[in-house]
Amino acid sequence: MVLFKSDFRKDILIVLIASVILGTGLVLIGGYLTDNYFANMVSGVIGEYGEYDLLLMLSSDKETIAIKEIEGIVAETLPGAVIKTGPRVAGSSNYLLKLPPKFKNEETYTNLGKYFEDIPGIMSKTIMTEPRLSIRGFRGETRPVLRSLIEGIAGIAFLYPTSDGLDIIIEKPELLPEVKKKVADLLNQYSLLEIRYPLNQHPENLPELQREVAQVVRGEVTDLIDVTSNNETERVSLLTSLRQMKTFLVSYATKVIIEQSSVNPAISTGSRLIAWNQQGELIELEVIADSETELVGLIQQGDLGNYSGLIDIYQKNRDGSTGIFLGKGKVNNPRRELAAALDKLNEIAPSLNGFLLQSEQLLAYSGKIGEDLAGINQGLSKLEESSAKLGQSLQEWEQEGLSIFLSELLLILDGIKANIGDITDIQRDLITTSNQLKEGAGLIEEKIIYVPRNNIMYQQLNDLKNLFLQLASGLDNNYDLVAERLQDMDPVLNSIEGWQEKINSLLRVEDTLNSSANWQEIDGIIAEIEQTAEIVDTGQLEEGLNSIQAILSELNTTQLPVIIDQLSYIQHSLPEMAESEIVETINLIDSYIAGQVIPGDQIQLLIKGKYNSEKVIEQIKTVIKNPAVSYLPPMDAGYIQPNTRGEIFNVLSQVRAVISTIVAFIFTLLVLILDQSLVISVIRLNQGNGYIYGFLSGGLIFSLICFLSQTNFAYLNLKTEFLIGGGLGLIIALLAKMLNPVNSEEWDAGKALGFSPAEIMHEIIIPAGKPGLLYLLNYPKVIFK
Amino acid sequence: MLHVIDLKKSYDNDIVLKGINFQIKPGEIAAIMGPSGCGKSTFVRAINRLIEPDSGEIYFKDIAIHNLPSAQMEQVRKEIGFVFQHFNLIKRLTTKQNVALGLVKNGFSLKQADAQAMVALRDVGLAELADLRVDKLSGGEKQRVGIARALVMEPDLILLDEPTASLDPILVTEVLDVLEKIAKTRRNSSIIIVTHEVAFARRVADKIYFMDKGKFIESGSPEEVLNNPRSWIGKKYKKIINYY
């Protein structure tokens with residue numbers, strides 16, 4: 001290697017260093033320009049780093065109203081905050097909000113979303129304060145535990161909880177890497193061990209198991225915190241709701257039930273059936289249940305309307321054509337049945353209203369009977385008082401007005417007779433009303449199954465059913481009371497006619513005053529009436545009737561309007577969906593919940609430090625003793641999530657890395673073609689190994705440029721960069737004679753003149769070569785330029 | 001001036017020089033003649049180690065140069081002029097620059113080198129073409145530039161490797177005239193010329209060496225070797241002389 005034994009090795013070293021420095025500079029400039037260009041672009045859209053705190057995305061059609069409300073909220077709640085109009089993108093308008101420093105605290109950030117939640121047309125609210133770290137992936141009650149530890153890290157301005165994690169606002173941008181590292185280190189100290197019960201498995205002694213498991217694990221680890229949380233997550237709630245909604249929709253959809261005896265045994269769940277509705281339109285069914293006695297088909301296409309009779313069912317062939325006739329199917333339209341049931345409930349309302357009027361009448365009658373009986377008692381007292389004098393003379397009888405009294409008594413007895421008859425009618429009405437109420441309650445009971453349990457309508461219907469039953473029970477009780485009182489009345493009723501007869505005869509006293517026997521008869525009647533009147537407890541009867549009236553009055557004034565409203569609400573709130581819509585919705589729910597699992601109970605342990613998880617799990621198994629339980633390997637206690645802006649800048653850094661790597665590659669290629677190929681040609685001219693030099697020079701230049709400029713291209717490391725550069729150098733070495741030929745005659749001439757290899761290079765070879773870095777660096781040394 | 005002892009050179013299995021012994025005194029002119037491929041050019045290039053010999057000894061001015069380090073050998077080469085068969089001029093330079101380059105690198109100022117180069121160019125009859133790029137010159141002119149470049153260094157030994165072999169016959173004469181003139185005027189320099197120009201050799205050389213297959217097979221004064229040749233080469237050359 002003539003060149004490396006001569007002074008020219010310095011030149012080679014200088015040109016290599018210069019190539020690397022220049023290349024690094026170019027790559028850095030390229031990276032800077034890339035950063036600058038894209039950062040400016042991003043800043044133009046979402047502001048400078050840390051400039052704004054909240055991004056509000058509004059639907060453009062509500063923008064005018066929304067921005068007024070936003071301005072109002074800002075003026076009232078966040079005075080001093082600055083609103084800036086952001087970009088408008090495809091039907092949405094963006095507004096950026098900059099908060100004054102006094103509002104940069106946990107309280108404001110925790111409520112920031114709530115402040116703007118009622119803005120009309122708001123599509124999203126994104127906190128974009130920087131510098132910020134977002135921690136996600138907390139499980140169980142890990143968040144509060146780790147939060148208290150994170151708060152102790154210096155450089156944190158404040159923290160605030162988010163729906164699924166914790167955000168940390170850093171005091172200054174320059175502190176971000178340090179805080180990030182400390183938070184990451186802290187998170188790395190902890191791991192979460194989760195013991196999960198199968199779906200819907202909820203052991204009763206879970207708290208006890210938790211304590212035992214924690215006790216067992218404590219012996220194996222340095223620190224442990226039980227962070228078990230069995231609160232359902234939003235996802236689980238959503239899944240549960242969707243499952244119930246699906247159940248509701250399936251029961252709500254029209255089904256066709258086919259007797260299994262008439263069906264081809266090849267038809268089973270999932271098979272497709274064909275039928276036609278009354279209008280001759282095609283109906284396609286899918287078998288959703290397959291029992292020994294019947295098949296249940298759910299309409300997938302077409303609509304049977306309100307039809308509820310029998311239809312012909314055919315098998316659907318694989319090619320879509322109509323197959324063999326399977327038999328008759330009974331159409332079961334739960335929606336129509338539900339609507340009918342609700343109509344029936346509506347009929348109860350007027351009936352209740354009519355009964356109320358009757359009850360008022362009943363009460364009036366009750367009062368009248370009471371008054372009558374009181375009148376009887378009063379009359380009897382008077383009679384008793386007067387009877388002592390009856391033996392004296394007719395004159396005295398007349399003076400006392402006994403005849404008038406007896407006539408009045410007859411009228412009273414007539415009234416009592418009539419009123420008792422009316423009470424009997426009311427007794428019948430009571431029975432009718434009570435039965436109607438019970439029938440209504442039964443209808444609700446029957447149809448409530450179509451309403452999802454978590455729907456408010458379900459609770460309302462249930463309350464209504466209970467109210468009906470309570471009223472019926474009240475009426476029944478009072479019926480018993482009324483019936484009992486009527487029984488009390490029976491002897492009165494039976495005696496009244498006898499009394500009336502005797503009183504009529506008494507009225508004939510004036511005509512028979514000479515017959516002393518009649519006086520004794522009067523005494524007897526009076527005593528009998530007095531005794532019967534004492535038996536009838538009109539006060540108790542009145543009390544019972546009052547109680548009925550109280551119930552009915554409450555029903556009329558408060559509960560009845562509510563019931564009617566509820567019935568109306570239920571009728572109008574039921575979804576009016578076509579069969580195809582129901583099926584589409586069911587399919588949509590299926591596609592969403594497919595593979596989603598509602599977890600069973602779980603035990604979550606936050607463990608500090610490293611430990612032998614396999615050993616610990618084995619020990620836990622001795623406590624749990626349930627083969628169905630799964631033990632998840634240690635999971636991250638939480639992770640730092642790049643925020644939106646961070647993601648954008650991450651993408652930009654990748655773009656920069658690609659561009660930088662391309663610049664480095666092109667520069668290396670140029671250096672190899674313009675400079676190193678000449679050196680390689682000279683080496684090969686002097687029987688040296690130009691391939692080794694080409695590989696080494698290419699590898700060094702490319703890898704060092706990438707290393708010094710920190711291109712950070714994700715798919716390359718120093719080793720691969722060296723290999724890529726080396727490969728490039730090999731190719732150039734192969735093509736060197738073509739790319740940068742050296743005239744051997746000139747080389748010999750220089751040699752013959754007594755020139756050293758370096759002098760030959762400086763004076764003869766390089767000036768005749770390509771104008772690269774070597775040429776430029778050599779130029780000052782050339783004598784004849 | 002130059003003493004070569006048992007010089008050997010081979011390329012792979014092809015032995016080109018088979019133990020050459022040679023000696024030349026100061027001011028002496030030696031012509032080496034022989035058929036193509038016999039090793040003449042290899043020998044003359046091995047003398048100043050443009051080709052490294054495999055073995056043997058070379059003494060130049062009583063200095064063993066066969067094992068001199070590169071740096072010292074470069075100094076020795078400055079005292080040995082070399083004229084190439086294919087001129088080997090630096091294409092990007094002018095006539096004068098080609099001639100002056102060696103002087104400048106040898107410590108002369110540009111002005112001095114320029115003046116000396118012009119003298120050398122006048123000697124070879126090319127003063128008027130001094131500023132012309134050499135790639136614009138004819139073959140004969142190029143070779144005269146090559147001769148001027150070798151002479152300007154005032155070497156103690158001048159090696160000419162078939163200086164007319166690349167020229168068409170018309171241009172050969174102008175080069176030979178220059179060489180003959182030099183041979184007569186510069187008697188302080190020893191000259192070794194590899195040539196096929198038998199008449200030129202007869203006129204100019206003090207001693208003629210016939211070479212065949214890497215060895216000198218006959219040597220002596222022109223009269224000896226050409227009038228009464230013993231070797232088959234000598235006899236061939238005599239026949240050529242007789243032909244003309």
Side-chain angles (χ1 to χ4, degrees), chain A residues 1-12 674-675 678 681-689 737 740-772 774-785, chain B residues 41 44-45 47-52 69-94 96-110 113-114 117 131 133-135 142 145-146 149-150 152-153 155 158-161 166:
Chain A
M1 298 281 256
V2 174
L3 289 179
F4 296 102
K5 289 176 185 168
S6 74
D7 289 345
F8 195 69
R9 61 174 173 262
K10 284 183 198 168
D11 295 78
I12 291 174
L674 298 177
D675 300 332
L678 188 67
S681 288
V682 172
I683 290 171
R684 293 180 67 180
L685 180 71
N686 290 281
Q687 283 75 49
N689 196 327
K737 281 187 179 175
N740 225 335
V742 172
N743 189 327
S744 62
E745 292 175 356
E746 292 187 349
W747 178 267
D748 281 348
K751 206 171 166 184
L753 283 168
F755 291 0
S756 69
E759 286 172 327
I760 300 171
M761 292 297 289
H762 294 157
E763 293 299 333
I764 301 170
I765 305 299
I766 297 173
K770 294 193 186 303
L774 191 61
Y775 182 95
L776 291 172
L777 290 171
N778 184 67
Y779 191 75
K781 297 175 188 171
V782 179
I783 295 164
F784 298 117
K785 299 188 190 301
Chain B
S41 289
V44 87
R45 281 169 170 259
I47 289 171
N48 72 346
R49 288 173 57 193
L50 287 181
I51 292 172
E52 288 292 334
S70 298
Q72 291 175 33
M73 189 62 214
E74 285 156 11
Q75 293 306 313
V76 171
R77 284 191 188 117
K78 287 174 182 167
E79 296 176 37
I80 303 173
F82 199 103
V83 177
F84 294 90
Q85 179 183 340
H86 298 293
F87 330 127
N88 291 28
L89 301 177
I90 314 302
K91 292 186 185 69
R92 72 174 184 90
L93 300 179
T94 63
K96 188 167 66 183
Q97 287 170 337
N98 261 283
V99 176
L101 184 61
L103 292 170
V104 176
K105 294 305 288 183
N106 213 20
F108 285 75
S109 69
L110 272 174
D114 197 68
D131 295 321
R133 268 179 67 125
V134 291
D135 50 4
K142 284 178 183 173
V145 175
R149 182 174 66 182
V152 79
M153 300 291 286
I158 301 170
L159 305 172
L160 297 103
D161 181 14
S166 300

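Annotation for B:A100 and A:F784: closest pair CB-CZ, 4.1 Å, computed over non-hydrogen atoms. The two residues B:F84 and A:A752 come nearest to each other via the heavy atoms CZ-CB, 3.6 Å.
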Would you enumerate the inter-chain donor-acceptor pairs between chain A and chain B whose distance is below 3.5 Å?
| residue | atom | partner | partner atom | Å |
| --- | --- | --- | --- | --- |
| A:E745 | O | B:N88 | ND2 | 3.0 |
| A:E746 | OE2 | B:K91 | N | 2.9 |
| A:D748 | OD2 | B:R45 | NH1 | 3.4 |
| A:E763 | O | B:R92 | NH2 | 2.8 |
| A:F784 | O | B:R92 | NH1 | 2.6 |
| A:F784 | O | B:R92 | NH2 | 3.1 |

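For a residue to count as touching a neighbouring chain, one of its non-hydrogen atoms must lie under 4.5 Å from one of that chain's; by this rule B:I90 touches chain A with backbone and side chain alike. With a 4.5 angstrom heavy-atom cutoff, B:L101 touches chain A via backbone and side-chain atoms both.
Put simply, of B:L50, B:L93, B:V76, the one with the most heavy-atom pairs under 4.5 Å next to chain A is B:L50.
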